[in-house]
Amino acid sequence: MINTLIVDDHVVVREGIRQMLEGAKDIRVGGEAKNTIEMFELLGEERFDVVLLDIQLPGKSGLDVLEELRDLYENVATVVLSMYEEEQYVISAIKKGAIGYLFKSSAEHSLQEAVRSAAAGKRYITREISERLARNLEKDGEQRSRDSLSDRELQVLKLLAEGKKISEIALMKQLSVKTISTYRSRLLAKLNLKTTSDIVRYAIQEGLVDGSL
């Protein structure tokens, strides 16, 4: 039997979580706490396998005590169950010791599975959260690629996107055609693009040039 501790400051929410777990024959709600002080008191009195922890709590938040919880009770798996759906909360919780993260809005369909996975020592993140994190990483990668451009490369990118030919850019910048061609090649490589048309689309999407051009 998986003994579970619910930590949330709202009685109605704790009752809702309890009801979600009641149908599982292998899961038992052994305690409830409305803050982290009560949580640690209960953990000192009884052995729990899984803690379902809210982030927004009075006094110390769930994020504030995750590392302490991990260090003091290494055999207890913590799943964060929160209304916060921003990626930074998920990443922070996992880094600080949570084995899983669930949005309260979708917990009804995955809570029992999350508890079982946590009790077995397996990380649990829903497909929705995984997809959000993946999109966030893609955005970060795009930003890093853009940040890797030198001022001159960015200037050339904008001029190419505005329809200027390499020879025209060379004349404007008082550089050789070969040098501008080299800048173009670097842009394609750094931004993982293939053609000048790709550069135009990229510049428009990033707001570097007027899309009406």
Side-chain angles (χ1 to χ4, degrees), residues 1-140:
M1 184 71 69
I2 303 170
N3 199 23
T4 305
L5 173 59
I6 302 171
V7 185
D8 195 291
D9 59 329
H10 293 98
V11 176
V12 175
V13 174
R14 295 200 303 271
E15 181 59 31
I17 295 171
R18 180 183 284 273
Q19 289 178 4
M20 290 180 203
L21 298 175
E22 278 183 347
K25 296 180 180 179
D26 57 337
I27 300 173
R28 168 181 179 266
V29 177
E32 297 181 18
K34 63 178 180 291
N35 53 46
T36 56
I37 294 174
E38 289 187 1
M39 176 188 73
F40 282 117
E41 288 176 352
L42 288 169
L43 286 170
E45 296 170 0
E46 185 176 345
R47 180 186 176 280
F48 289 93
D49 302 297
V50 177
V51 171
L52 295 175
L53 179 65
D54 187 21
I55 285 180
Q56 189 175 19
L57 295 168
K60 283 189 174 182
S61 74
L63 285 178
D64 289 337
V65 298
L66 271 172
E67 292 175 333
E68 183 180 0
L69 184 57
R70 178 193 59 196
D71 294 341
L72 291 176
Y73 299 95
E74 58 182 19
N75 293 324
V76 178
T78 302
V79 176
V80 170
L81 184 58
S82 176
M83 62 181 288
Y84 293 113
E85 300 188 2
E86 292 82 0
E87 290 83 359
Q88 63 265 30
Y89 287 104
V90 180
I91 294 170
S92 180
I94 298 300
K95 283 183 176 179
K96 291 183 176 183
I99 198 169
Y101 196 108
L102 286 179
F103 299 151
K104 286 182 177 179
S105 59
S106 57
E108 182 178 359
H109 307 291
S110 49
L111 186 58
Q112 292 185 15
E113 183 182 354
V115 170
R116 292 188 184 101
S117 293
K122 299 178 181 177
R123 187 172 302 287
Y124 188 88
I125 296 177
T126 62
R127 177 178 296 179
E128 179 186 4
I129 293 176
S130 297
E131 289 174 352
R132 288 192 184 202
L133 291 175
R135 287 196 297 271
N136 188 54
L137 287 172
E138 287 173 0
K139 290 178 182 177
D140 286 348

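All figures in this text were calculated on a predicted structure; none of them were measured in a lab.
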Measure the spacing between [atom1] of [X] and [atom2] of [Y] and express it to the nearest 0.5 Å.
X	Y	atom1	atom2	answer
Glu108	Ile17	CD	CD1	12.0 Å
Met1	Ile27	CE	CD1	9.0 Å
Arg28	Glu22	CZ	CD	13.0 Å
Gln19	Arg14	CD	CZ	13.0 Å
Gln112	Thr4	CD	OG1	10.0 Å
Arg47	Leu42	CZ	CG	15.0 Å

Do [X] and [Y] make a side-chain contact, defined as non-hydrogen atoms from C-beta onward lying under 4.5 Å apart?
X	Y	result
Gln56	Met83	yes
Asn35	Asp9	no
Met39	Lys34	no
Arg123	Ile125	yes
Val50	Thr78	no
Arg18	Glu32	yes
Val79	Leu53	no

Qualifying residue, where the test is side chain to side chain contact (heavy atoms under 4.5 Å, CB included) with Val7 and the options are Leu81, Val80, Leu57, Leu52: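 So, applying the side chain to side chain contact (heavy atoms under 4.5 Å, CB included) to Val7 and each of Leu81, Val80, Leu57, Leu52, only Leu57 qualifies.
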All pairs passing ring-ring contact (aromatic ring centres under 6.0 Å, His included) where residues 39-98 contributes a residue, at least two apart: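 Every pair satisfying ring-ring contact (aromatic ring centres under 6.0 Å, His included) with a residue in residues 39-98: Tyr84-Tyr89.
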More than 12 heavy atoms from other groups under 6.0 Å of CG on Leu72: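 Yes.
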Considering all heavy atoms, the nearest Ile99-Ala77 contact: CG2-CB, 3.9 Å
Where Ile55 and Ser82 come nearest, the two heavy atoms and their spacing: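 For Ile55 versus Ser82, the nearest heavy atoms are CD1-OG, 3.8 Å.
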Pair Asp49-Arg116, salt bridge (charged side-chain N to carboxylate O under 4.0 Å, His left out): steps then yes or no: CA-CA 10 Å; Asp49 302 297; Arg116 292 188 184 101; over 6 Å; no
Partner set under salt bridge (charged side-chain N to carboxylate O under 4.0 Å, His left out) for Glu41, not counting sequence neighbours: none
Test item: Arg70 side-chain N/O and Val65 main-chain N/O as donor-acceptor pair under 3.5 Å: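 No; judged by distance alone, with no hydrogens or angles, the pair does not exist.
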